[in-house]
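Each residue takes its place number in the sequence, starting with 1. Counting starts at 1 for both ligands and their atoms, in listed order.
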Amino acid sequence: GKVRAPTHIISTISDDRGEEPCYAGVPMSSIVEQGYGVGDVISLLWFKRSLPRYCTHFIEICIMLCADHGPCVSGAHNTIVTARAGKDLVSSLVSGLLTIGPRFGGAIDDAARYFKDAYDRGLTPYEFVESMKKKGIRVPGIGHRIKRGDNRDKRVELLQQFAHTHFPSVKYMEYAVQVETYTLSKANNLVLNVDGAIGSLFLDLLAGSGMFSKQEIDEIVGIGYLNGLFVLARSIGLIGHTFDQKRLKQPLYRHPWEDVLYTKLVFCRGKLQV
Ligand code: ACO
Ligand code: LMR
């Protein structure tokens, strides 16, 4: 019989060999003719299937809500400084993207992992939060620099409202809200943040849509697809900040001396003292 020569690359999401490119088997002409949006394209290229409209709409809302959060956040700050150092678009963009991680924007996957594990094991919010504390791990998806119990994040509310109206089940989100109720009883800044809202709601999307097997959900959560939503979304804002600085012909940034505490550092019982 025929022997297939081994290939160096295996690819399963797209194919450009025919008359027109296909995303997960769907030709580009269908994507355009059927009025697909960016949520559909993400469904095809990330999840390799067409998802129901409420799911693709949810993905699009996540992207719109996370596109930017002003010039002061870590990512935009880095991008602005880089653009003002005269660097090009790609350098300015990636300089901002590189700040996305466990503290800023990149806590979505861990939020999904920890909320799922705690909910599936039947831990009460108290047991979950206290077990994290014992391990010395901050609860991903909880806490914000400027948002408070009495000044909630509007983005979180909007995502929750959408899910309440359109999702068949919001059990993971409800669990995250119970966790927030407990953490807020400890400190007023320990709100459910946008990473935690997306992480818990995406679990509801995966589990409730009937489009994914249990094994596929474990794989998506295990590999960590969800920080990709923030990376993709925030790229829109970071590109905007780059253009803004160039348009404004902003000079090289130098941080003011007055805003730096110049001092000798002393370590006391393992903690940095000034
Ligand atoms: N879980 C448990 N305790 C917490 C948490 C948390 N998620 N966040 C803060 N605390 C407590 C801790 O006791 C902390 O003391 P420590 O420094 O001894 O650990 C105390 O609150 C004060 O913490 P700060 O560092 O002053 O809080 P800050 O306002 O600087 O941190 C941050 C905000 C980085 C978001 C933090 O809450 C955190 O790490 N959260 C988890 C990661 C996360 O979800 N990041 C995404 C934020 S949303 C976004 O970026 C789009
Ligand atoms: C963001 O979306 O960038 C934020 O929630 C982080 C912040 O510090 O506001």
Side-chain angles (χ1 to χ4, degrees), residues 61-81 93 95-118 123 125-160 172-173 175-203 221 224 226-241 267-274:
I61 291 174
C62 291
I63 289 166
M64 291 189 287
L65 295 183
C66 293
D68 197 42
H69 208 233
C72 303
V73 305
S74 303
H77 182 84
N78 256 23
T79 287
I80 289 171
V81 171
L93 169 63
S95 154
L97 288 179
L98 286 172
T99 63
I100 297 175
R103 293 183 186 169
F104 168 67
I108 309 178
D109 284 313
D110 273 344
R113 285 181 192 124
Y114 280 106
F115 285 142
K116 182 172 188 307
D117 179 68
L123 295 187
Y126 168 85
E127 288 168 337
F128 169 49
V129 174
E130 294 304 323
S131 72
M132 295 291 276
K133 193 173 171 193
K134 268 196 202 123
K135 286 184 253 175
I137 304 171
R138 288 182 176 195
V139 181
I142 294 286
H144 199 274
R145 291 306 300 259
I146 57 167
K147 296 297 169 191
R148 296 284 175 269
D150 48 5
N151 170 31
R152 296 300 178 88
D153 191 328
K154 189 71 189 169
R155 297 170 296 180
V156 171
E157 282 175 22
L158 290 167
L159 289 166
Q160 290 172 330
Y172 288 108
M173 195 238 339
Y175 183 70
V177 169
Q178 286 170 26
V179 169
E180 178 193 44
T181 305
Y182 178 65
T183 53
L184 277 177
S185 73
K186 293 166 83 87
N188 200 25
N189 66 324
L190 297 183
V191 290
L192 179 67
N193 62 41
V194 73
D195 283 12
I198 295 176
S200 56
L201 281 169
F202 226 94
L203 291 175
V221 173
L226 306 179
N227 287 344
L229 289 169
F230 193 90
V231 171
L232 180 65
R234 195 50 60 94
S235 295
I236 299 172
L238 297 179
I239 291 172
H241 283 291
F267 272 96
C268 180
R269 292 198 191 104
K271 287 221 164 190
L272 199 58
Q273 310 278 314
V274 289

Next on the checklist: I'd like the name of whichever of Asn189, Leu192, Val191 reaches closest to atom 27 (O) of ligand 1 through any heavy atom.
Outcome noted: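 When every heavy atom of Asn189, Leu192, Val191 is considered, Asn189 comes closest to atom 27 (O) of ligand 1.
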Item to check | From Arg155, Arg145, Arg234, Arg103 - option closest to atom 45 (N) of ligand 1 by heavy atom | outcome: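 Among Arg155, Arg145, Arg234, Arg103, the closest heavy atom to atom 45 (N) of ligand 1 belongs to Arg103.
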Of all the atoms in ligand 2, which lie at a distance below 4.0 Å from a heavy atom belonging to [X]?
X      : answer
Arg155 : 1 (C), 2 (O), 4 (C), 5 (O)
Val73  : 3 (O), 6 (C), 7 (C), 8 (O), 9 (O)
Arg234 : 1 (C), 2 (O), 3 (O)

Item to check | Distance flag, aromatic centroids of Phe230 and Phe104, threshold under 6.0 Å | outcome: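 Here the rings of Phe230 and Phe104 have centres that are less than 6.0 Å from each other.
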Checklist entry - Are the aromatic ring centres of Tyr182 and Tyr126 under 6.0 angstrom apart? => result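 Yes; Tyr126 has its ring centre under 6.0 Å from that of Tyr182.
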Counting only heavy atoms on the protein side, is anything nearer than 4.0 Å to [atom]?
atom                    : answer
atom 13 (O) of ligand 1 : no
atom 36 (C) of ligand 1 : yes
atom 20 (C) of ligand 1 : no
atom 16 (P) of ligand 1 : yes

Checklist entry - Any N or O of Asp153 that comes nearer than 3.5 Å to an N or O of ligand 2? => result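 Checking ligand 2 against Asp153, no N or O pair falls under 3.5 Å apart.
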Next on the checklist: Considering both backbone and side-chain atoms of Arg145, is one of its nitrogen or oxygen atoms within less than 3.5 Å of a nitrogen or oxygen in ligand 2?
Outcome noted: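 Between Arg145 and ligand 2 (N or O atoms, distance only) the closest approach is not under 3.5 Å.
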Point-to-point distance, once rounded to the nearest 0.5 Å, from [atom1] of [X] to [atom2] of [Y]:
X      : Y      : atom1 : atom2 : answer
Glu180 : Arg152 : CD    : CZ    : 4.0 Å
Leu203 : Ile198 : CG    : CD1   : 12.0 Å
Asn151 : Ile146 : CG    : CD1   : 7.0 Å
Arg155 : His69  : CZ    : NE2   : 3.5 Å

Looking only at heavy atoms, what is the nearest atom pair of [X] and [Y], with distance?
X      : Y     : result
Gly70  : Ala76 : O-CB, 3.4 Å
Ser235 : Leu97 : OG-CD2, 3.5 Å
His241 : Asp68 : NE2-OD1, 3.0 Å
Val194 : Cys66 : CG2-SG, 4.0 Å

Checklist entry - How close does the nearest protein non-hydrogen atom get to atom 4 (C) of ligand 2, and which residue and atom is it? => result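 Heavy-atom neighbour on the protein nearest atom 4 (C) of ligand 2: His69 ND1, 3.3 Å.
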Item to check | Under 4.0 Å to a heavy atom of Leu190 - the qualifying atoms of ligand 1, by number | outcome: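 Result: 4 (C), 5 (C), 8 (N), 9 (C), 10 (N).
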Checklist entry - Near Val194, which atoms of ligand 1 are under 4.0 Å from a heavy atom of that residue? => result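 The atoms of ligand 1 under 4.0 Å from a heavy atom of Val194 are 51 (C).
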Geometry only, no angles: is [X] polar-contacting ligand 1 at N/O separations under 3.5 Å?
X      : answer
Arg138 : yes
Phe230 : no
Asp195 : no
Ala107 : no
Phe104 : no

Item to check | Min heavy-atom dist Gly105 to ligand 1 below 4.0 Å | outcome: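 Contact check Gly105 vs ligand 1: positive.
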Checklist entry - Would you call Gly141 a ligand 1 contact, heavy-atom distance under 4.0 Å? => result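 Yes, Gly141 has heavy atoms under 4.0 Å from ligand 1.
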Checklist entry - How does Lys147 reach ligand 2, if at all, at less than 4.0 Å between non-hydrogen atoms: by side chain, backbone, both, or neither? => result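 Neither; nothing of Lys147 gets under 4.0 Å from ligand 2.
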Item to check | Arg145 atom CZ: more than 12 heavy-atom contacts under 6.0 Å | outcome: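 No, not enclosed.
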Checklist entry - Counting only heavy atoms not in Lys186, do more than 12 fall under 6.0 Å of its NZ? => result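 Atom NZ in Lys186 is crowded, with more than 12 foreign heavy atoms closer than 6.0 Å.
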Item to check | ligand 1 versus Pro102: contacting region, heavy-atom distance under 4.0 Å | outcome: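 Just the backbone.
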Item to check | Residue among Asn188, Asp153, Leu190 satisfying side-chain contact (heavy atoms from CB on, under 4.5 Å) with Lys147 | outcome: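 Exactly one option meets the side-chain contact (heavy atoms from CB on, under 4.5 Å) with Lys147, and it is Asp153.
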Item to check | Residue pair Asp117, Phe128: steps toward the side-chain contact (heavy atoms from CB on, under 4.5 Å) verdict | outcome: CA-CA 9 Å; Asp117 179 68; Phe128 169 49; over 6 Å; no
